[in-house]
Amino acid sequence: MPELPEVETIRRGLEPEIIGRTVTEAWSHGSAKFTPALDVAGAQFERIGRRGKYLLIGLDDGRELVVHLGMTGALHRRPTSDNLAPDPYTRARWNLDDNTTLVFRDVRRFGRLRVVPTGDYESITTLAQIGPEPLEVDFTPASLHAAMKKSSRRVKTQLLSQRPVAGVGNIYADEALWRARIYPAQRTLSRPEAERLHPAIVDVLQAGVDNGGTTLRDYRTVTGDTGDHQHHLDCYGQAGEPCPRCTAELVSRVWDARTTTFCPTCQRRR
DNA sequence: GTGATAACCTGCTCGC
DNA sequence: TGCGAGCAGGTTATCA
């Protein structure tokens, strides 16, 4: 599922492909989650940024196309003239003025599109309340510690909420908590734990970006390639395997409706 | 305001 | 072989 590294990889791949291009025609699936695609017709793509897992495509008319890839969303470009068999999982298409088409494909339809005035995210709650970017200087152990103190929910659940830090999903949350040796279900985070968790989050996300993201099933880059980070996971999805650090068996539990893999020896409940 | 949970959605896996 | 149940999970809505 696309988390920060996957979305950043897509952003980097898309940037040289679509900037400066004008949308000559737009089509969308009938669901309200995708019909905002139609509002982009006639606009020009000026820039493409990212906040957490959200792609922010700036338009030349003072608006932004906000794209969330959900679990199975992907963006790719192909020649408009391609006579390919209809793809039932295409949710939006934008024909561009260079005779290419930008395609938003999303099998499970967990993705969504919005068009908003630039920088006005009030109508997108998660984006409006999103925490600092983990790879920028305003994300610090102190900011992480302070954000975690605002809630008594489980540490991992808080990470997934996007409020303490942007862009962390199930894969990188499990990896970061494993690296920091923190029990995922504990409801408080001490300052020393924040000092460990902060670099763990930064490191796993940076490694994910460096490896082009994690492909478990659906994720593809703009060019259709798979990521490589799935070969570098220590913990996520490894239940039953030995912990790479202590060789104890990694276990899987469901908390707050999310499967979590952790090491019961390295990540002890305190 | 906060926390917990259901719903959305579809492909895949597993058991019968 | 075919069928049905359960699972995966990011975000939003709803309820307590």
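What's counted below: heavy atoms across the whole structure, side chains too, no hydrogens, waters or symmetry copies. Reminder, nothing fancy here: chain letters follow the sequence lines and each chain counts from 1.
In this structure, the nucleotide among C:dT12, C:dG9, B:dT10 sitting nearest to the side chain of A:R109 is B:dT10. Minimum atom distance to the side chain of A:T259 is reached by C:dA8, of the listed C:dT11, B:dT10, C:dA8. Among the nucleotides B:dT10, C:dT12, B:dA4, the one closest to any side-chain atom of A:V107 is B:dT10. Checked against C:dG9, C:dT12, B:dT5, the side chain of A:R108 finds its nearest nucleotide in C:dG9. The nucleotide whose nearest atom lies closest to any side-chain atom of A:E3 is, among B:dA4, C:dG10, B:dT10, C:dG10.
As a whole-Å value, the separation of A:R153 CZ from B:dT2 P is 11 Å. We find that CZ of A:R114 is positioned 14 Å from P of C:dT11, with the value rounded to whole Å. Look at CZ on A:R105: it is 18 Å from P on B:dC9, rounded to the nearest Å. Straight-line distance from the CD1 atom of A:I171 to the P atom of C:dA8: 13 Å, rounded to whole Å. Here the P atom of nucleotide C:dG9 and the NZ atom of A:K53 are 11 Å apart, to the nearest Å. The nearest whole Å value for the distance from the CD atom in A:Q158 to the C1' atom in B:dG1 is 15 Å. For the pair A:R163 CZ and B:dG3 C1', the interatomic distance rounds to 11 Å; values are reported in whole Å. As a whole-Å value, the separation of A:F34 CZ from B:dC9 C1' is 10 Å.
A:D87 has no carboxylate O lying under 4.0 Å from a charged side-chain N of A:R78, or vice versa, which leaves the two without a salt bridge. Salt bridge status for A:R258 with A:D256: absent, with no side-chain N to carboxylate O gap under 4.0 Å.
Remark: A:Y236 is not in phosphate contact with C:dA8, judged by side-chain N or O atoms under 4.0 Å from OP1 or OP2. Look at A:Q162 and you'll find a side-chain N or O under 4.0 angstrom from OP1 or OP2 of C:dT11. Contact check, A:H68 against C:dG10: no side-chain N or O comes under 4.0 Å of OP1 or OP2. Contact check, A:S152 against B:dG3: a side-chain N or O comes under 4.0 Å of OP1 or OP2.
In the hydrophobic clustering of ILVMFWY residues, with side-chain heavy atoms under 4.5 Å counting as a link, A:W94 and A:V66 come out apart.
Between A:S151 and A:R258, the residue anchored nearer the 5' end of DNA chain B, judged by the nucleotide with its closest heavy atom, is A:S151. When the nearest nucleotides of DNA chain C are assigned to A:V254 and A:L160 by heavy-atom distance, the more 5′-ward of the two goes with A:V254.
Within the nucleic acid shown, A:R154 has no heavy atom closer than 4.0 Å to any nucleic acid atom.
By the 6.0 Å contact criterion, CZ on A:R196 is enclosed, its count of non-hydrogen atoms from other residues, nucleotides or ligands being greater than 12.
When each of A:I130, A:T126, A:L56 is checked for a side-chain contact (heavy atoms from CB on, under 4.5 Å) with A:Y121, only A:L56 meets the rule.
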